[in-house]
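Being a predicted model, the structure only gives us computed values, none of them experimental. All chains are named by letter (A, B, ...) in the order of the sequence lines, taking the proteins before the strands, and each is independently numbered beginning at 1. These numbers come from the heavy atoms of this one structure, side chains and all, not from hydrogens, waters or symmetry mates.
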Protein chains: 2
Amino acid sequence: MSVVSIRDVATAAGVSVGTVSNVLNRPEKVAEATVARVRAAIDELGFIRNEAARQLREGRSAAIGLVVLDVRNPYFTDVAHGVETAAAAAGLSVTLGNSDGDPAREQRYLELFEQQRVQGVLISPADASLERLRRLDERGIPVVLVDGADPSGALDSVTVDDVAGGRLAAEHLLGLGRRRLLVVAGPASLRQVADRLEGVRAAVAEIPGASLEVQHLPQLTVPAGRELGRSLIGRPASARPDAVFAVNDLLGLGVLQALVLERETLRVPEDIAVIGYDDIEWAASAVVPLSSVRQPREQLGRTALEALLARGAEGLRAGAVRFAPELVARRSTTG
Amino acid sequence: MSVVSIRDVATAAGVSVGTVSNVLNRPEKVAEATVARVRAAIDELGFIRNEAARQLREGRSAAIGLVVLDVRNPYFTDVAHGVETAAAAAGLSVTLGNSDGDPAREQRYLELFEQQRVQGVLISPADASLERLRRLDERGIPVVLVDGADPSGALDSVTVDDVAGGRLAAEHLLGLGRRRLLVVAGPASLRQVADRLEGVRAAVAEIPGASLEVQHLPQLTVPAGRELGRSLIGRPASARPDAVFAVNDLLGLGVLQALVLERETLRVPEDIAVIGYDDIEWAASAVVPLSSVRQPREQLGRTALEALLARGAEGLRAGAVRFAPELVARRSTTG
DNA sequence: ATCGATCGTTGAATCGTTTCACATCGGCAC
DNA sequence: GTGCCGATGTGAAACGATTCAACGATCGAT
């Protein structure tokens, strides 16, 4: 009943199964009248192609797998959106997996994708060991890292240049005449944090008289930023920075809120300029619109997908693709 | 080479393909020594089950499809997270589709899911006509609506009671002694907006001396809310509401920002109390933490999946499941 | 020694689609 | 009339896992 196969269609239209298949896949090879007859039969019976059978024959699916660290993070949903758009253009569908930073879940998705014979895997690795991914790649399922690098160079990757991003932020603040910089950072163990910091250090070193203070916070969240912001208000003016670079927007927004809330003492940006990182959606709509460093998130996704396709089709290695971040100046620094 | 089939494993282990399949699916039926031998062969050859072949034989896949209106909206990612967690517990995987509110894209995903013979479809419909969904359901692929209702009752649905939510918000404000309420609403055509408004009206009608003003804005965004907030500042005190209910948190945050920014004139909550809806993550970390009405998002997803499973396995209809929203009082109303 | 029952294993049929070597036919040139 | 061509259409052989009727071996009971 509900299991209408290509054979039923063939019978109904009075042709062979081969012809139905041809109508489906290369209608130009079939006489017009026949095409019409077959199409009519398809509609009448409500035939829906069985993807599993097609795939079995084909040897691989028309999908790619994407594993992200956290679907609830706007950063990743934007990347995923970019991937999906590009994939749709190439006639591929995307199966999305959420590892939540858990290597075991990541592993489960990789197995699933392998069983599904996906055409490739895009991943923001949760598991620092890339061993499994390299094996997958060797076995013929191309892997591209998204926002994660492979030191060994065995895997292709697409990232944003965080060193350049850190430098960009610092130079912006220095260019506005600020000299006492405070970087509100996250755990030093995160590659992203370390790289951004490196960029800042380089920029500060080039300006005589510029000083740098770094505060490492355990979490990259709004409350953490707010707490740090409050501590600034308590400082004597001489020990206070005149500019703050938060390594992500959540921290930056927290700092901003603390400063703006205690309005009697400090003004943004007059007393302290604040800049964040990521340019998330709410940055622009904060109480004082927050300057930030934008990462081309959608483009990251798009490019990763293209690298995957090139690798699959022609065996081309993309290597380590690195994008340039972009400064977005708003009132929290420029006034 | 990379195409290791169950047959290769059988040869390597010196058994028949049937036995390998048994090891894979019912190891208790196979002698221990044989299991060990087959497992060894599997590991050595790096055999990975071909999901397409298994599915072809089985007749259906081990997945369900989920179509949401907007992956970038935290509301939906939370719902999706709930779905995924529940699905994983049932041994199912979730294929996520993003319609972006476009009926054509929605349609494409439905076709894809049908070709994949998914076990069911969860969907926040973009297309008001549920015709296609009903057909899908009739053809044997159970459909459950998530945050959307079917007036005809043909389809199961899981929603949050928006009338109750609107009433909850209004009663909170009235209970704090506020009497001049302003509802900052979205397009009246949205069911959610209309329902919330209905709840507010009912609550206001019960309190003598309480008045209600409604402003319909075209968009449910932060800037729209901010603009409206500014317009309030310009009003003479006598024409000004003493409480604002924004039908979603983005609007509420916008209003809040406008009021707090122009601090000389109006204080929150002393002069105007503000409450939003959805309890999105940033509500708690706003300049003045925003009161809101929380929807059990993850639970919504979990329940929708359970309804789908019950329907598929035992043919049980869940009908129209409706959850109760919950008030979350914060400083923007309670001070 | 024979029978039955139990356990483990076998091998062929099956799922629905694609592909490809081959058949059929009408037309055209010689 | 013969041979050849292109255009259409055919039908069987894959793809890889699952399932199930049937088979052989082993063992205890008679």
Side-chain angles (χ1 to χ4, degrees), chain A residues 1-39 41-42 45-63 91 111-112 114-119 140, chain B residues 1-39 41-42 45-63 111-112 114-119 139-140:
Chain A
M1 178 71 47
S2 85
V3 282
V4 180
S5 79
I6 209 177
R7 181 159 282 115
D8 303 321
V9 174
T11 308
V15 296
S16 74
V17 293
T19 300
V20 177
S21 179
N22 280 334
V23 169
L24 257 25
N25 301 302
R26 324 175 193 62
E28 74 282 0
K29 294 272 175 199
V30 181
E32 263 183 51
T34 315
V35 170
R37 209 143 35 89
V38 171
R39 291 245 162 90
I42 287 177
L45 298 178
F47 165 76
I48 302 270
R49 206 206 231 103
N50 184 323
E51 180 63 23
R54 174 221 247 291
Q55 217 180 97
L56 172 58
R57 189 58 230 258
E58 189 71 13
R60 61 181 192 171
S61 80
E111 268 163 25
L112 189 65
E114 205 170 354
Q115 289 179 3
Q116 289 177 175
R117 303 292 192 265
V118 296
Q119 296 200 13
Chain B
M1 177 72 48
S2 87
V3 283
V4 180
S5 80
I6 207 176
R7 181 156 282 116
D8 302 322
V9 174
T11 308
V15 297
S16 74
V17 293
T19 299
V20 177
S21 178
N22 281 335
V23 168
L24 255 27
N25 301 300
R26 323 174 194 63
E28 74 282 2
K29 295 272 176 199
V30 181
E32 261 183 53
T34 314
V35 172
R37 208 144 34 89
V38 172
R39 291 246 162 88
I42 287 178
L45 297 177
F47 165 76
I48 301 272
R49 207 207 231 99
N50 183 322
E51 181 62 23
R54 172 221 249 292
Q55 220 181 94
L56 173 59
R57 189 58 231 255
E58 190 71 14
R60 62 181 192 173
S61 79
E111 267 163 26
L112 190 65
E114 205 170 352
Q115 291 180 0
Q116 290 178 172
R117 304 292 193 265
V118 295
Q119 297 201 11
R139 281 203 235 156

### Query
Under 4.5 Å between any side-chain heavy atoms of A:L24 and A:I6, yes or no?
yes

### Query
Do B:R139 and B:E114 come within less than 4.5 Å of each other through their side chains, counting heavy atoms only?
yes

### Task
Find the distance B:I6:CD1 to D:dC15:P and express it as a whole number of Å.
15 Å

### Task
Please list, chain by chain and in numerical order, all residues satisfying salt bridge (charged side-chain N to carboxylate O under 4.0 Å, His left out) with A:R49, sequence neighbours excluded.
none

### Message
If the helix axis at each end comes from five base pairs, how far does the helix from C:dA1-D:dT30 to C:dC30-D:dG1 deviate from straight, to 10°?
### Response
60°

### Task
Walk along DNA chain C from 5' to 3' and tell me the first and last nucleotide with an atom closer than 4.0 Å to a non-hydrogen atom of chain B.
C:dG8 to C:dG16

### Query
Does a side-chain heavy-atom distance below 4.5 Å link B:E111 with A:I48?
no

### Query
In B/S/- notation, 5' to 3', how is nucleotides 4-13 of chain D contacted by protein heavy atoms closer than 4.0 Å?
----SSBB-B

### Query
How many Å lie between CD1 on B:I42 and C1' on D:dG16, as a whole number?
14 Å

### Query
Looking across every strand, which nucleic acid part, if any, lies under 4.0 Å from B:R26 by heavy atom: base, sugar-phosphate, or nothing?
sugar-phosphate

### Query
Looking at residues at least two apart in the chain, or sitting in another chain, which of them share a side chain to side chain contact (heavy atoms under 4.5 Å, CB included) with B:Q55?
A:A52, B:E51, B:S61

### Query
Quick one: side-chain hydrogen bond (donor to acceptor under 3.5 Å, both in side chains) pairs with a partner in residues 26-38 of chain A, sequence neighbours left out?
A:N22-A:R26

### Message
Just the rounded figure in Å: distance from C1' of D:dT18 to CG of B:L56.
### Response
10 Å

### Query
Hey, is the side chain of A:R54 poking within less than 4.0 Å of OP1 or OP2 on D:dC15, counting only N and O atoms?
no

### Query
What is the distance, rounded to the nearest whole Å, between atom CG of B:L45 and atom C1' of D:dG16?
15 Å

### Query
Could you state the CG-P distance from B:D8 to D:dC15, rounded to the nearest angstrom?
11 Å

